[in-house]
Amino acid sequence: MLAMEMKRDFLSTDLQYIRGVGPVLSERLSGLLGGHTVLNFLFHRPINIKNRRMVDSISSATTGDIITVSVRIGAHKSAGFFRGRGAPARVLAFDKMGTPISIQFFNAKYADYWFRQMPIGSYRAISGKLEASNNMWVMNHPDFIEESENIDKIPTFQAIYPLCDGITQKTMAGIRDQILPNLPEFPEWLDKMVVNQLNDMTFCDALRVVHKPSSESDLDPESIARKRLAYDELLAHQIAIAITRVQKKSVPGRKMIKTGRLVDKVLADLPFQLTMAQDAVIHDILRDMANSEQMMRLVMGDVGSGKTIVALIALLVAVESGTQGAFMAPTDVLAGQHFQKIKPMCDKLGIVCDILTGRDTGKTRREKLTSISSGRTKILIGTHALFQGEVVFRDLGLIVIDEQHRFGVNQRLQLSAKGNMVDVLSLSATPIPRTLAMTMYGDMDISVIDQKPIGRIPIKTTKLMADKIPTLIERMKNELANGAHVFWVCPLVNESETSDLMAAEDRYAVLRQIFGDVVGLAHGQMDKKQRDAVMAQFADPNGPIKILVATTVIEVGVDVPQATIMVIEDAWRFGLSALHQLRGRVGRGSAQSFCILTYGMNTTPDGLKRLDILCETDNGFEIAESDLMMRGNGEMLGTKQSGWIPYHFVDYRAHRDLFRYAAHDAMELVKSDPKLESARGLAIRQLLKLFDRIDAMNYINA
Ligand code: ADP
Ligand code: MG
């Protein structure tokens, strides 16, 4: 028993203790894997496979093939032997049939090293991409060079992991080969029938297959291994949801009934009429608030559909009925914007609205906290810091969570555990097909604002070949003279954040040469205070910054009505939902807005198709549906920001059916074993731990 526990602990081992890793590499890996542990590694799956075909004779292959072949080393040719500097170091070799091949190394500095690896007259197995030049077979920088008798060391099917700077496929394979043999066994948490359908493949067996595929089909999302892992992942999520639902039923809510004292005044003062969709959603919310169950409602509505006013009305109803309301935004900048909008309205109504951020310290902070605990402050706006220990409300009735997908299911659980009897309203600007939303966010009831305020001028979206960017810059000069502000987004070039930064910095330098001081730069590696300052200067219509070059890791949720141009470079690299989100940052004022999506020669057909869809429609739900259909294996950029839960093994398209099945499975289990105490329940606890749904379990234990 003890041995088993210890083996399971292996998964939480820090990677630095794996042989050959150490603290430096472990740190580098954590950027790629999102964590330091063996489990983080296991959840980072290969996305591709290289089939290294073993051939006897090079002539049986053609250029572009990846082959493994045994050769005899014939001669060494130093760089500059006859072509001067810059020529590669070359090793001339012959296969069994005597066909010559030139093995080339471009960093000629290390020629001696390579020559020592391949002494003249020795036999070597080499593996890499076959090319041809001057009527001669060529292999540049083989991926593997082994002594011929060790040809078995070269994998026939090589798993290809997503990488970052400083990490190679060999590093990843080396770590994997140490991890896989040490995987522990887990008690089976799946239902017998389900496991049967999965050919009795266990969780760890499936991990072994996915990390060491022996054919292309092993990586297919339809493969048994992937299905097993996807189902495990979905089930963990669904159980967390089911537990919340059961919990919610057992927590009494409070009846908060609209008197109209405040709400009617605000509505009368609005410079516009609510849309029918807004009205309907408000109706849903008021009904939830008025009944005695705890409200857990998610409002999904495209950017600009007018969710803030809906939230404000709910907050005012909470105040009307004698309680306090809290409005939680994912960042300080967004919290500040909400405050600026809502505060004047509250002033008019004669109720106290305040903002609390990490920047409030000392005396001001103490005063604010006192005002909150005395009940004088009626509406409090801030970030998740609102719910840390020292903030005590006199009587909190409603929490509104903006951009709820930024907060995971775990945080939602924490929140509703915090204030019992507190109603929770979540807002999301990221439409997701409704059927999926119901399972992904199944712990909440869902309302949709599927209509935009009338009179909006649709954003003109166009795609632009990257070599036309100079023309675009010319046109921008006019728009800027007319007061326009420009967002200029540069994406990650690789998975690594440094090259992301480089792209943005290069663009920043170019634009600054042309436009001067009005160009600002904001990126994820900047000091947060400094970044917020740049954002604020851009958001201010009279501020010094008119063009904001940004990476996507920065907060783009800000409202800048004078921003009318959104340029997204290499837009094809992004997923549809992410692009739609970015585009939503313009078109918020009364002027015509433009969104320009650039692409290059290297754009994939799917990438181009995504851009075309964006040019055709700005309906978020339609786009979400296409996004789902186009979602393949390849991860697209911006998934984190786009509201799709970034699952490790789940493929939204291929595993769509599994969602509903897992939801049903989870509900049945939690109903029959609410404390997870049966044999299966105990096994499920392991599953929740693996997929970081431990909060749900603490919830049960509480
Ligand atoms: P989001 O749903 O993206 O949070 P906001 O609530 O920020 O959108 O609303 C965007 C803008 O539209 C705001 O300036 C808001 O005042 C305005 N707005 C909201 N509802 C309406 C409406 N029914 N008619 C006209 N303008 C509206
Ligand atoms: Mg909003």
Side-chain angles (χ1 to χ4, degrees), residues 263 266-285 297-316 325 327-331 333-346 348 353 379 381 400-407 425-432 437 446-459 485 487 535 539-541 555-564 566 577-593 595 618-621 623-624 641-643:
V263 172
V266 166
L267 289 179
D269 260 7
L270 281 184
F272 50 75
Q273 272 230 298
L274 294 179
T275 60
M276 265 156 63
Q278 283 171 316
D279 265 334
V281 169
I282 290 171
H283 187 259
D284 288 345
I285 294 169
R297 184 167 290 279
L298 170 66
V299 173
M300 282 202 293
D302 234 332
V303 271
S305 59
K307 293 182 292 295
T308 317
I309 184 71
V310 170
L312 178 63
I313 287 169
L315 288 164
L316 290 175
F327 195 168
M328 184 169 87
T331 66
V333 177
L334 276 174
Q337 287 205 335
H338 285 321
F339 182 65
Q340 273 168 20
K341 272 195 200 157
I342 291 173
K343 173 82 159 65
M345 298 199 225
C346 290
K348 249 184 159 174
C353 169
I379 294 180
I381 298 171
V400 180
I401 309 174
D402 196 15
E403 305 289 333
Q404 64 80 36
H405 66 271
R406 305 286 191 90
F407 308 93
L425 175 65
S426 302
L427 310 179
S428 168
T430 55
I432 287 179
I446 297 177
S447 300
V448 175
I449 307 186
D450 51 6
Q451 185 182 23
K452 286 213 176 141
I454 37 176
R456 284 281 158 78
I457 312 172
I459 301 165
H485 279 39
F487 272 110
M535 297 297 289
D540 178 357
E555 174 49 53
V556 282
V558 290
D559 193 14
V560 186
Q562 72 277 17
T564 52
M566 165 67 67
S577 298
L579 286 171
H580 180 60
Q581 280 289 107
L582 286 169
R583 173 169 64 178
R585 297 301 137 209
V586 295
R588 308 193 132 214
S590 50
Q592 173 69 59
S593 289
C595 175
D618 73 339
N619 179 319
F621 286 94
I623 289 170
Q641 291 95 321
S642 69

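Just follow the structure's listing: the first ligand is 1, and inside any ligand the first atom is 1. Keep in mind it's a predicted model, so treat the numbers as computed, not measured.
The contact set between ligand 1 and Lys341, taken as ligand atoms under 4.0 Å from a residue heavy atom, comprises 7 (O). The contact set between ligand 1 and Gly304, taken as ligand atoms under 4.0 Å from a residue heavy atom, comprises 1 (P), 2 (O), 3 (O), 8 (O). Less than 4.0 angstrom separates some heavy atom of Thr275 from each of these atoms of ligand 1: 23 (N). Using a 4.0 Å cut-off to heavy atoms of Asp302, the atoms of ligand 1 that qualify are 2 (O). Atoms of ligand 1 found under 4.0 Å from any heavy atom of Val303 (numbered from 1 in listed order, with element): 3 (O).
Contacts between Gln273 and ligand 1, counted as non-hydrogen atom pairs separated by less than 4.0 Å, involve the backbone only. The proximity of Ile449 to ligand 1, defined as any non-hydrogen pair under 4.0 Å, does not occur for either the backbone or the side chain. Heavy atoms of Gln451 found under 4.0 angstrom from ligand 1: none, in either backbone or side chain.
Checking each of Asp450, Val281, Ile449 against Ser305 for a side chain to side chain contact (heavy atoms under 4.5 Å, CB included) leaves exactly one that passes, namely Ile449. Looking at Val263, Val310, Ile309 one by one, the single match for side chain to side chain contact (heavy atoms under 4.5 Å, CB included) with Ile282 turns out to be Val310.
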| task | Determine, step by step, whether Cys353 and Ile381 satisfy the side chain to side chain contact (heavy atoms under 4.5 Å, CB included) criterion, reporting the C-alpha distance in whole Å, the side-chain angles of both residues, the deciding distance to 0.1 Å, and the verdict. | result | CA-CA 8 Å; Cys353 169; Ile381 298 171; 3.9 Å; yes
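The shortest separation from a heavy atom of Ser305 to ligand 1 is under 4.0 Å, placing the residue in contact.
A heavy-atom distance below 4.5 Å is found between the side chains of Leu316 and Ile379.
Within the structure, salt bridge (Lys or Arg N to Asp or Glu O under 4.0 Å) pairs that include any residue of residues 269-281 comprise Asp269-Lys348 (at least two apart or interchain).
The side chain to side chain donor-acceptor pair (under 3.5 Å) check on Ser447 picks up Asp284, Arg297, with sequence neighbours excluded.
Within the model, atoms CG of Leu267 and CD1 of Ile313 stand 4.5 Å from one another, a figure rounded to the nearest 0.5 Å.
Backbone and side-chain nitrogen or oxygen atoms of Pro453 are examined, and none is located within less than 3.5 angstrom of a nitrogen or oxygen of ligand 1.
Looking only at distances, no side-chain donor or acceptor of Gln592 sits under 3.5 Å from a matching main-chain atom of Gly587.
Of the candidates Val310, Thr308, Leu274, the one placing a heavy atom closest to atom 6 (O) of ligand 1 is Thr308.
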